[in-house]
Amino acid sequence: MPKVTSLEELRKIKEEAQKNLRVREQTGTRIIVGMGTCGIAAGARETMRAILSELERNAIQANVSTVGCIGMCALEPLVDIEQGGQRVTYGRVHPDMVPTLISEHLLKGQVVKEWVVGKVNPDR
Amino acid sequence: MREIALHILDIVQNSIRAGASRVEITVEEDTPADRLRILVCDNGKGMAPEMASRAVDPFVTTQPCRRVGLGLPLFAAAAERCGGWLKVESKLGQGTKVEAIFQYSHIDRMPLGDMRSTMLGLIAANEGLDIVYRHKVDGEVFTLDTRELRAELGEVPLSDPLVLRWLDEYLATDPREKLVTAF
């Protein structure tokens, strides 16, 4: 069995993770992946996996959650990014689009307009 | 759906929507009996008998925004075309049990698929949910219980990136995973 998978290793990870805990609690970023039957059939699980690995790679703290079908089945996989009161919905988000989405939207603060299918902005 | 693991992910979403705090997922591969058994049990709000008996009907859903619900019917159809069946048992206020049986060697049986990604996605997105996953292959058993992990982690959430990376590696130690990824 590889070393990384032991419970002993998990305890070490716990100590390391505790240091980052305060930062994590302050994050207001939410990423929501459509995980209804339609989303799953369109590849939402792979999109979710790509998001998790991209967040880890860029050391971005965000809360990732899922939602069921919202009635836009043809545009699945749907991914919502919510930050500072603004919520942007991206459609047909396939795993190879995720690095661009994370770096443009979360790191540079630029909405990737061509992939947007909906937007809620309280200021406008 | 191209994998049984995707159906499992879909069925567990029903449990989550039903307000479950605990979900048990069991996958049993019994090659001498030529049988694959999938079991998803939750402690969600459950269904009344008349709803439970119609749950595999694609034109039955609890959602007000649409008139179809395809998760259970698709899973049932997948089992039935492989000489198997799907059964929904539910008690109002107590929870729901979905059981599916497949003929293991059936030519139309889809592969179990990527359970590693299914479990990782479920755990990452559902911090408050207790998940027990058991994968039995003939005599061998692989188990993952998020309550045990939480007891070990204390205040550190399971969705912490470092913990998720560990989980991914841990899920890969399922002896069956080596076979799955070989496909």
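Every chain is numbered from 1, with letters handed out A, B, ... down the list of sequences.
Neither the backbone nor the side chain of A:Leu55 comes within contact range of chain B; no heavy atom of the residue lies under 4.5 Å from a heavy atom of that chain. Neither the backbone nor the side chain of A:Cys38 comes within contact range of chain B; no heavy atom of the residue lies under 4.5 Å from a heavy atom of that chain. For B:Glu148, no part lies near chain A; criterion is any non-hydrogen pair under 4.5 Å. Contacts between B:Gln13 and chain A at a heavy-atom distance below 4.5 Å involve the side chain alone, from C-beta outward. Looking at B:Asn14, neither its backbone nor its side chain comes within 4.5 Å of chain A, counting heavy atoms on both sides.
Counting non-hydrogen atoms of other residues, nucleotides and ligands closer than 6.0 Å to NZ of B:Lys97 gives a total above 12. Applying the 6.0 Å contact sphere to CZ of B:Arg54 captures no more than 12 heavy atoms from other residues, nucleotides or ligands.
Comparing A:Glu16, A:Arg45, A:Glu56, A:Lys14 by heavy-atom pairs within less than 4.5 Å of chain B, the highest count is held by A:Arg45. Among B:His7, B:Arg17, B:Arg2, B:Met1, the residue with the largest count of heavy-atom pairs under 4.5 Å with chain A is B:Met1. Of the listed residues (A:Met48, A:Glu46, A:Met35), the greatest number of heavy-atom pairs within a distance under 4.5 Å of chain B belongs to A:Met35. Ranked by heavy-atom pairs under 4.5 Å with chain A, the first of B:Val163, B:Leu70, B:Thr118 is B:Thr118.
B:Leu6 and B:Ile101 fall into different hydrophobic clusters, where Ile, Leu, Val, Met, Phe, Trp and Tyr side chains are chained together by heavy-atom contacts under 4.5 Å. Clustering ILVMFWY residues whenever any of their side-chain heavy atoms sit less than 4.5 angstrom apart, transitively, puts B:Met110 in the very cluster that holds B:Leu72. Hydrophobic clustering, with ILVMFWY side chains joined whenever heavy atoms are under 4.5 angstrom apart, groups B:Ile123 together with B:Tyr170. Residues A:Val67 and B:Ile16 fall into different hydrophobic clusters, defined by Ile, Leu, Val, Met, Phe, Trp and Tyr side chains chained together at heavy-atom separations under 4.5 Å. Put simply, B:Val40 and B:Phe142 are part of the same group of oily side chains (I, L, V, M, F, W, Y) that touch within less than 4.5 Å, one to the next.
Rounded to the nearest 0.5 angstrom, A:Ile13 CD1 and B:Asp160 CG are separated by 9.0 Å. Going from atom CZ of A:Arg11 over to atom CH2 of B:Trp166 covers 10.0 Å, rounded to the nearest 0.5 Å. Between atom OG1 of residue A:Thr66 and atom CG of residue B:Asn126 there is a gap of 5.0 Å, rounded to the nearest 0.5 Å. The distance from atom CG of A:Leu52 to atom OG of B:Ser159, rounded to the nearest 0.5 Å, is 9.0 Å.
Here the closest heavy-atom approach between residue A:Ser65 and residue B:Ala125 is recorded as CA-CB, 3.9 Å.
Counting only N and O atoms by type, the side chains of B:Ser117 and A:Arg49 include a donor and acceptor under 3.5 Å apart.
Exactly one of B:Leu9, B:Asp10, B:Ile11 qualifies for a side chain to side chain contact (heavy atoms under 4.5 Å, CB included) with A:Thr37. That residue is B:Asp10.
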